[in-house]
There are 2 protein chains.
Amino acid sequence: MAAPRFRRIAEELIRRIDQGEFSEGEQLPTEVELMNEYNASRNTIRDAIKLLIGRGLVYTSPGRGTFVLKSVEPFALTLTSVNRETSESEAYRFEAKLQGRKAEVSDPRVEIQKADKLVAWALGINEGDRVVIRHQERRIDGRPWSLQTSWYPMAFVTKGAERLIDAEDIVEGVVTYLREKLGIEQVGYRDKITARVPNAYEASFFNLPDSGSTVIVHDRIAYGQDGKPIRLTNTIYPADRNELYIEVGEVPPLHFSKRGGATGNDEGDAARADGARP
Amino acid sequence: MAAPRFRRIAEELIRRIDQGEFSEGEQLPTEVELMNEYNASRNTIRDAIKLLIGRGLVYTSPGRGTFVLKSVEPFALTLTSVNRETSESEAYRFEAKLQGRKAEVSDPRVEIQKADKLVAWALGINEGDRVVIRHQERRIDGRPWSLQTSWYPMAFVTKGAERLIDAEDIVEGVVTYLREKLGIEQVGYRDKITARVPNAYEASFFNLPDSGSTVIVHDRIAYGQDGKPIRLTNTIYPADRNELYIEVGEVPPLHFSKRGGATGNDEGDAARADGARP
DNA sequence: AACGATTTGTTCGTATGTATC
DNA sequence: TGATACATACGAACAAATCGT
């Protein structure tokens with residue numbers, strides 16, 4: 001009936017972390033020390049630590065040790081202010097400044113490819129039509145924060161928006177650029193939000209642990225005044241350092257002084273809910 | 001220099017699954033068979049399988065074996081149609097019907113508690129003030145789909161909205177009920193979206209594997225015409241069966257015939273991105 | 001209902017590799 | 001260079017769940 005050994009040890013360690021016995025930064029005994037403390041084998045200790053990693057409480061570093069993670073102040077990004085008309089890319093810079101952080105955007109890696117089925121469907125073009133792909137890495141205060149890839153119909157370039165294929169940031173925003181160059185007005189967009197485990201590239205760029213971490217996937221299809229898609233944008237946010245906000249109607253301004261916002265706690269609800277289970 | 005053994009074995013197995021050598025449902029050789037196939041120890045095989053579990057490709061069942069997961073058709077929920085004024089709870093039922101699925105909502109578990117710091121902050125009341133908590137389990141086609149908990153100021157009840165503390169579903173929607181009873185008009189809301197690893201209760205309710213699964217956390221604070229918060233809602237969506245949509249401005253209708261929508265692929269972007277890495 | 005065979009889950013012990021200081 | 005600490009890998013044993021007989 002008792003939970004397995006590594007799980008009980010993990011719970012005990014979580015308790016010790018929560019109670020502040022190990023604080024942020026360095027800390028946590030080495031595996032060998034924990035073996036002696038808990039009289040368990042090294043594999044069992046390692047299984048317990050894997051659970052802590054999965055909870056996002058600690059990380060390990062070969063040759064150094066196991067450390068309690070600093071809770072990173074998450075970056076709040078508002079996807080939707082109905083009144084503001086910025087593109088998501090501009091919103092990113094705007095909000096970073098608002099929160100007193102330094103947003104950096106890498107020069108884009110630009111590719112021209114043939115649209116696969118999904119891209120063709122999203123952009124309303126034919127499979128095999130050429131598309132411009134712009135991929136950017138975005139950082140905040142030097143830390144990797146999100147990965148963005150956008151797809152545009154190649155037709156935009158041939159019609160005059162040549163800067164789309166320059167490997168240079170379009171500072172005024174692509175939405176603005178397309179309006180000025182081609183008269184295309186962005187009248188709306190649909191966002192899709194999902195979440196999953198990071199793939200190998202994402203784990204490496206964001207420096208995410210092998211297990212237990214998650215990324216938020218944000219796809220946006222923006223539409224022009226003729227109802228046709230303008231672009232497809234895919235953004236990857238590591239969940240441990242991002243919060244996405246959506247505002248509809250009239251809402252009071254958001255203050256960034258408070259840490260966490262509303263019910264961001266992992267265990268509070270569970271405790272309540274568990275209490276009512278048979 | 002080469003990737004570790006268990007990782008190479010995992011990649012090989014992923015390839016075999018993708019190529020359809022093992023299809024949905026039963027399948028995958030037993031650990032002992034894989035030991036022989038790959039000439040590796042059982043622990044190494046098990047480490048490889050853990051990666052597959054983390055990718056959401058397979059699940060294990062003690063005494064039975066390892067099985068390829070059926071990919072579930074995700075449920076698409078639109079959080080934001082600026083024009084439509086429904087509450088998120090009503091939207092859930094509405095969209096389920098739209099997609100030809102049967103949405104069930106459990107009778108709520110109702111509690112009265114003192115507001116902790118976060119709830120008090122969200123509802124704009126004092127810490128320790130009493131709040132009504134309504135917790136509901138929601139299913140689609142019989143499968144557990146989301147968990148919702150809402151907090152209301154107790155003052156609403158004393159002012160006449162007694163049904164808030166009834167352990168019965170408010171079918172017309174709480175927003176409508178509060179308008180009729182108290183004249184409170186919902187004029188806007190702010191959503192916060194994050195993602196994390198499920199806690200024990202969530203994992204058990206949604207029947208999620210121990211490792212590698214993720215839930216989307218959706219917090220909504222709704223505001224009334226006086227600019228004060230009406231309610232705080234916390235919804236948990238298992239990421240493997242949910243897609244959240246946000247619509248802003250004018251967008252063409254979404255069709256549900258296509259599987260996956262736009263760029264829902266895990267590896268496509270990674271492959272592209274990896275190609276450009278040193 | 002009981003039993004045995006099969007399969008995954010847990011735990012131990014040990015050895016070697018690799019990163020860090 | 002050596003010491004330390006985590007990462008990988010092997011082998012072995014028993015527990016617990018499942019299923020067919």
Side-chain angles (χ1 to χ4, degrees), chain A residues 1-13 17 22 25-69 200 203-204 207-213, chain B residues 1-13 17 22 25-69 200 203-204 207-213:
Chain A
M1 54 135 286
R5 193 95 185 267
F6 71 90
R7 209 170 275 280
R8 296 201 308 268
I9 294 175
E11 279 162 22
E12 166 79 8
L13 285 172
I17 292 175
F22 315 117
E26 168 81 35
Q27 239 83 337
L28 235 63
T30 68
E31 292 173 352
V32 179
E33 285 169 334
L34 289 173
M35 282 173 67
N36 299 327
E37 275 193 55
Y38 289 102
N39 194 31
S41 80
R42 182 143 171 258
N43 284 332
T44 303
I45 296 294
R46 282 177 62 75
D47 281 344
I49 291 178
K50 272 178 207 157
L51 282 190
L52 300 206
I53 295 175
R55 290 294 202 84
L57 291 175
V58 304
Y59 69 95
T60 59
S61 177
R64 299 206 297 132
T66 303
F67 305 88
V68 179
L69 263 170
S204 129
N207 196 20
L208 293 172
D210 222 37
S211 108
S213 57
Chain B
M1 50 133 275
R5 194 95 185 268
F6 71 92
R7 206 172 278 281
R8 295 202 306 271
I9 294 175
E11 279 162 21
E12 166 77 8
L13 286 172
I17 290 174
F22 315 117
E26 168 82 34
Q27 240 81 342
L28 238 61
T30 68
E31 292 173 352
V32 179
E33 285 169 336
L34 289 173
M35 282 173 66
N36 299 327
E37 276 193 55
Y38 290 103
N39 195 30
S41 79
R42 182 150 168 250
N43 284 331
T44 303
I45 296 294
R46 284 178 60 77
D47 281 344
I49 290 178
K50 273 178 205 156
L51 283 189
L52 300 207
I53 295 174
R55 291 297 202 83
L57 291 174
V58 303
Y59 69 96
T60 59
S61 177
R64 299 206 297 134
T66 303
F67 305 88
V68 179
L69 264 171
S204 128
N207 196 19
L208 292 172
D210 223 37
S211 111
S213 57

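Since the structure is predicted, the reported quantities are computational estimates derived from the model, not experimental observations. Reminder, nothing fancy here: chain letters follow the sequence lines and each chain counts from 1.
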- Task: Take atom CD1 of A/I49 and atom P of C/dT11, then tell me their distance rounded to the nearest Å.
- Result: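 It is 14 Å, rounded to the nearest whole Å.
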
- Query: Rounded to whole angstrom units, what separation is found between the CZ atom of B/F67 and the P atom of D/dT18?
  - Reply: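 Those two atoms, CZ and P, are 11 Å apart.
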
- Task: Could you walk me through whether A/R7 and A/E11 pass the side chain to side chain contact (heavy atoms under 4.5 Å, CB included) test, one step at a time?
- Result: CA-CA 6 Å; A/R7 209 170 275 280; A/E11 279 162 22; 4.1 Å; yes

- If each end axis of the helix from C/dA2-D/dT21 to C/dC21-D/dG2 is fitted on five C1' pair positions, the angle between them, to 10 degrees, is 10°

Decide yes or no for [X] and [Y]: does some side-chain heavy atom of the first lie under 4.5 Å from some side-chain heavy atom of the second?
X: B/I45; Y: B/V32; answer: no
X: B/L13; Y: B/L57; answer: no
X: A/L34; Y: A/T66; answer: no

- Item | A/M35 backbone acceptor or donor facing A/R42 side chain under 3.5 Å | no

- Message: Please confirm whether the shortest side-chain N or O distance from B/R5 to OP1 or OP2 of D/dA7 is below 4.0 Å.
- Response: no

- Message: Which residues pass the side chain to side chain donor-acceptor pair (under 3.5 Å) test with B/R64, not counting sequence neighbours?
- Response: B/S61

- Query: Who passes side chain to side chain donor-acceptor pair (under 3.5 Å) against A/T44, sequence neighbours left out?
  - Reply: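 For A/T44 the side chain to side chain donor-acceptor pair (under 3.5 Å) partners, ignoring immediate neighbours, are A/S41.
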
- Distance col, row A/T30:OG1 vs A/E37:CD, nearest 0.5 angstrom, shows 9.0 Å

- Verify the neighbour count for atom CG of A/N39: are there more than 12 heavy atoms of other residues, nucleotides or ligands below 6.0 Å? no

- Message: What residues from residues 34-48 of chain B pass a heavy-atom cutoff of under 4.0 Å to DNA chain D?
- Response: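 By residue number: B/A40, B/S41, B/R42, B/N43, B/T44.
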
- Set of ring pair (Phe, Tyr, Trp, His ring centres under 6.0 Å) partners for A/F67, sequence neighbours left out: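 A/F67: ring pair (Phe, Tyr, Trp, His ring centres under 6.0 Å) contacts with A/Y59.
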
Collect all protein-nucleotide pairs involving nucleotides 3-7 of chain C in which both atoms are nitrogen or oxygen and the distance is under 3.5 Å.
| from | atom 1 | to | atom 2 | distance (Å) |
| --- | --- | --- | --- | --- |
| C/dT7 | O2 | B/G63 | N | 3.2 |

